[in-house]
Amino acid sequence: MLFDTFGRIHNYLRISLTDSCNFRCHYCMPDENMACMSRAQLMQADEIIRLAEIFTGLGVQKIRLTGGEPLVRVEFPDILRRLSKLPAELTISTNGALLHRHIELLKDCGVRSLNISIDSLKPEVFHRITARDQFQIVWENIQLALQHGFGIKLNVVVMAGVNDSEIMDFVEITRRQPLHVRFIEFMPFTGNNWQSGSVLTAAEMLERVGSELDVVKLRDEPHATARKFKAVGYEGTFAFITTMSDQFCGECNRLRLTADGRIKNCLFGKEETDLLSALRRGEPVEPLIRESVLRKHAALGGQMSGDHQEVDASKIENRSMIKIGG
Ligand code: SAM
Ligand code: SF4
């Protein structure tokens with residue numbers, strides 16, 4: 001088992017399969033011409049499986065594949081099949097554009113829930129945010145995944161003046177469909193032009209929803225990052241990921257493995273430990289994982305205060321989100 005110095009158990013690993021993507025969301029991949037990792041830098045399929053085995057041996061019970069866009073990795077089917085043999089729940093975060101190609105594979109591999117990002121229900125705004133004219137295919141793939149019985153969480157990064165006028169529209173899609181919308185407070189990462197004025201806090205969003213609908217608070221799952229609600233009589237739910245206004249670090253059970261094989265013990269931490277080089281040299285990796293977990297800060301990677309209005313994004317040392325793996 002992996003415990004940090006604050007007694008938090010770490011049993012959930014996010015593995016980034018690639019830092020490339022078929023979208024260009026400006027809040028995530030700030031530089032359109034960003035150089036992607038070379039093939040030699042990326043963890044190869046065998047290395048991903050070996051590291052995942054080591055993590056499950058240390059008590060990891062859930063693995064999320066992410067990126068970049070995990071579905072653009074050519075070996076995605078092979079990696080998923082092999083990971084599905086490990087004793088861990090398997091899930092993915094995706095932008096949904098390529099989902100139709102993998103539905104049967106996902107079912108075969110026991111994946112039951114998907115996180116799909118969709119920041120606007122208006123094709124032109126969607127295009128502006130992602131730099132891709134792909135709203136329709138993403139929406140159709142959400143419907144396809146629903147028909148196939150996947151549990152679906154829709155991730156919406158809310159940015160003032162960009163898509164905040166659509167909060168009620170997103171809640172509305174939960175009226176007749178079992179969709180779980182998660183409004184994510186906009187977070188600062190290297191190069192993404194984050195400003196505190198662009199953040200809409202969960203409290204502000206909830207006030208907007210509550211002024212139009214009867215809303216009830218639902219019970220949150222253990223270690224959940226999202227605070228869950230439901231509009232009365234609606235089939236689905238909505239939730240807020242409150243990183244910027246009310247951090248939930250005390251419950252954190254997450255570790256991240258970047259596509260180049262570095263463990264990050266926090267999304268906002270600057271510290272990284274290179275597992276891939278150790279693995280390639282034939283050195284033991286477990287002690288490095290344990291040391292990394294023991295170095296974890298109490299909150300927000302030790303780099304931010306809990307008040308987003310005090311955050312100076314230029315002082316945060318980190319990667320861009322696309323190179324971390326969200
Ligand atoms: N490509 C996949 C996707 O879009 O879901 C997986 C990777 S993406 C980095 C994972 C999640 O991080 C997405 O839901 C995305 O919206 C979120 N994300 C990226 N940058 C963010 C930011 N600056 N603030 C909040 N969430 C962000
Ligand atoms: Fe790609 Fe996902 Fe980042 Fe958008 S949020 S650029 S889809 S990795």
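For clarity, every value in this text was computed on a predicted model and none was experimentally measured. For the single chain, residues carry numbers from 1 onward in sequence order. Atoms within each ligand, like the ligands themselves, are counted from 1 in listed order. All values below were derived from every heavy atom in this structure, side-chain atoms included, with hydrogens, water molecules and symmetry-related copies excluded.
- Phe135 and Phe126 have perpendicular rings, their planes meeting at more than 60° on a 0 to 90° scale where under 30° would count as parallel.
- Checking side-chain atoms of Arg256 against main-chain N and O of Gly325 turns up a donor-acceptor pair under 3.5 Å.
- Considering backbone and side-chain atoms together, Met187 places an N or O closer than 3.5 Å to an N or O of ligand 1.
- Of the N or O atoms in Pro70, none lie within a sub-3.5 Å distance of an N or O in ligand 1.
- Among protein heavy atoms, the minimum distance from atom 1 (Fe) of ligand 2 is reached at Cys21 SG, 2.2 Å.
- Residue-ligand proximity, Glu69 to ligand 1, at heavy-atom distances under 4.0 Å covers atoms 1 (N), 2 (C).
- Contacts of Phe189 with ligand 1, taken as heavy-atom pairs under 4.0 Å, involve the side chain alone.
- Shortest contact from atom 8 (S) of ligand 1 to any protein heavy atom: Gly67 O, 4.3 Å.
- Ion pairing between a basic and an acidic side chain is recognised when a charged N comes within 4.0 Å of a carboxylate O; Glu75 and Arg73 show such pairing.
- Residue contacts with ligand 1: Ile322 is excluded, as none of its non-hydrogen atoms falls under 4.0 Å.
- Looking from atom 3 (Fe) of ligand 2 to the surrounding protein, the closest heavy atom is Cys28 SG, 2.4 Å.
- With respect to the salt-bridge test (charged N to carboxylate O, under 4.0 angstrom), the residues Arg176 and Glu235 do not qualify.
- Distance from atom 17 (C) of ligand 1 to its nearest protein heavy atom, with residue and atom name: Met321 CE, 4.1 Å.
- Residue Ser117 places every heavy atom at 4.0 Å or more from ligand 2.
- By the 6.0 Å contact criterion, CZ on Arg280 is enclosed, its count of non-hydrogen atoms from other residues, nucleotides or ligands being greater than 12.
- Close contacts between ligand 1 and Val157 involve ligand atoms 16 (O), 25 (C), 26 (N), 27 (C) [criterion: under 4.0 Å to a heavy atom].
- Residue Phe23 has at least one heavy-atom neighbour below 4.0 Å for each of these atoms of ligand 2: 6 (S), 7 (S).
- Where the criterion is an N or O separation shorter than 3.5 Å, residue side chain and backbone included, Thr66 fails it with respect to ligand 1.
- Scanning all protein heavy atoms for the shortest distance to atom 4 (Fe) of ligand 2 gives Cys25 SG, 2.3 Å.
- Checked for salt-bridge contact, Glu221 and Lys228 meet the test: a charged N lies under 4.0 Å from a carboxylate O.
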Q: Take Lys122 and Asp169, measure what salt bridge (charged side-chain N to carboxylate O under 4.0 Å, His left out) needs, and give me the verdict at the end.
A: CA-CA 10 Å; Lys122 297 179 181 162; Asp169 301 340; 5.0 Å; no
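- Salt-bridge formation is not detected for the pair Glu47/Arg50: no Lys NZ or Arg NE/NH1/NH2 atom is positioned less than 4.0 Å from an Asp or Glu carboxylate oxygen.
- Less than 4.0 angstrom separates some heavy atom of Gly68 from each of these atoms of ligand 2: 8 (S).
- Remark: among candidates Ser16, Ser117, Gly96, Gly68, the nearest residue to atom 7 (C) of ligand 1 is Gly68, based on non-hydrogen atoms.
- Of the protein's non-hydrogen atoms, Gly326 CA, 3.9 Å is the one closest to atom 10 (C) of ligand 1.
- Heavy-atom contacts of Ile184 reach the following atoms of ligand 1: 25 (C), 26 (N) (cutoff under 4.0 Å).
- When only interatomic distances are considered, the shortest N/O to N/O separation between Tyr27 and ligand 1 falls below 3.5 Å.
- Counting non-hydrogen atoms of other residues, nucleotides and ligands closer than 6.0 Å to CD of Glu124 gives a total above 12.
- Taken to the nearest 0.5 Å, the CD1 atom of Ile167 stands 8.5 Å off from the OG atom of Ser165.
- Less than 4.0 angstrom separates some heavy atom of Asn192 from each of these atoms of ligand 1: 23 (N).
- Looking at Glu185 next to ligand 1, no N or O pair under 3.5 Å apart turns up.
- Ring centroids of Phe189 and Tyr27 are separated by 6.0 Å or more, keeping the two rings apart.
- Annotation: Gln177, atom CD; neighbour count of heavy atoms from other residues, nucleotides and ligands within 6.0 Å is above 12.
- Ion pairing between Asp46 and Arg82 holds under the 4.0 Å rule for side-chain N and carboxylate O.
- Inclusion of Asn155 in the set of residues having an N or O under 3.5 Å from an N or O of ligand 1 is warranted.
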